[in-house]
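Before I ask anything, here is the structure I am working with.
The shown structure was predicted, so the numbers you read here are calculated from the model rather than taken from an experiment.
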Amino acid sequence: MFVTGLLEDWMRKLEEGRQRRREIHSLDRQRAYETFLLNQKSVWTPPELFEKCCPRFLGAGGDGQELFHSIRRKDGTWSCPGGCNKIHPTITLFFDTEKLHSVAILSVPLDPFNKYFNSRVKDGSAVCKTPFYYELDGFVRSNLNKLKEQKLFGNHLVKVAMGALRESDLAQSAALEMEHHKQCH
């Protein structure tokens, strides 16, 4: 009886300790998420657009907090662990086969996107047609590399339209062949 009572006491204290650790872990996760949200709100402006967007998706590539990642479904759409039903902003690159340049389409004109493309407009390597549509000098691959090198937002927010990279590479190859042919003749 004495041993059974000691064992029951020990088991109860062990379970209380586990429960306390679970509560502390839960509070730590909540604090981490609140800090994460505050950080994201300071980066992704304007606030009225940020509120419509998924902070987990925006921040997934930024500081490597796997805790806040979105999940890509089989149908290509994005889902958050909580099923946020918010916008998952992207920049999609296309290739204009007639004008032989890249086109960037912004799903949402958030400030980090605007800062990047406005700097391209300022240096003369892009033309802003609308806040959602930019014509970029060069082929898709070089623009994709430039977007991957910038530090204003994560690479996971940059997409290439299906077939755009292939079309661009073929056009670039043809342009290089034509240039080489002109130089040789």
If you round to the nearest 0.5 Å, how far is CD of E98 from NE2 of H101?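 Between atom NE2 of H101 and atom CD of E98 there are 10.0 Å.
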
Going by the rule salt bridge (Lys or Arg N to Asp or Glu O under 4.0 Å), which residues pair with R141 if we only count those two or more places apart in sequence or in a different chain? D169

In chain order, what residues pass the salt bridge (Lys or Arg N to Asp or Glu O under 4.0 Å) check against K99, with sequence neighbours excluded? E135

For the pair F113 and F153, name the ring-plane relationship: parallel under 30°, tilted 30 to 60°, perpendicular over 60°. perpendicular

Gap separating the CG atom of D123 from the CG atom of D137, nearest 0.5 angstrom: 8.5 Å

Indicate yes or no: at least one non-hydrogen side-chain atom of R120 is less than 4.5 angstrom from one of S125.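 With C-beta onward as the side chain, the pair touches.
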
Between OG of S168 and CD of Q172, what distance do you get to the nearest 0.5 Å? 6.0 Å

Output for pair (E167 CD, F94 CZ), nearest 0.5 Å, gives 10.5 Å

Option passing side chain to side chain contact (heavy atoms under 4.5 Å, CB included) with L110 (candidates L152, L157, L58, T45):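 So, applying the side chain to side chain contact (heavy atoms under 4.5 Å, CB included) to L110 and each of L152, L157, L58, T45, only L58 qualifies.
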
Are any of the side-chain heavy atoms of L93 and I105 separated by less than 4.5 Å?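 Side chain of L93 against side chain of I105, heavy atoms only: no contact under 4.5 Å found.
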
Residue pair V127, V121: steps toward the side-chain contact (heavy atoms from CB on, under 4.5 Å) verdict: CA-CA 6 Å; V127 175; V121 168; 5.9 Å; no

Output, in order, the C-alpha distance, side-chain angles, deciding distance and verdict of side-chain contact (heavy atoms from CB on, under 4.5 Å) for L106 and F117. CA-CA 10 Å; L106 285 61; F117 287 107; 3.7 Å; yes

Taking the side chain from N143 and the backbone from F139, do they hold a donor-acceptor pair closer than 3.5 Å?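 Side chain of N143 to backbone of F139: a pair is present.
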
Go through it in stages, so that I can follow the logic: the residues are Y134 and N118, the test is side-chain contact (heavy atoms from CB on, under 4.5 Å), and I'd like the CA-CA distance, side-chain angles, deciding distance and then a yes or no. CA-CA 10 Å; Y134 290 84; N118 288 339; 3.7 Å; yes

Find out if a path of hydrophobic residues (ILVMFWY) with successive side-chain heavy-atom gaps under 4.5 Å connects Y116 to V103. no

Applying side chain to side chain contact (heavy atoms under 4.5 Å, CB included) between V160 and each of V140, I91, T92, report the one that passes.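 Filter result, single survivor: V140.
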
Distance from Y133 atom OH to C128 atom SG, nearest 0.5 Å?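 Answer rounded to 0.5 Å: 11.0 Å.
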
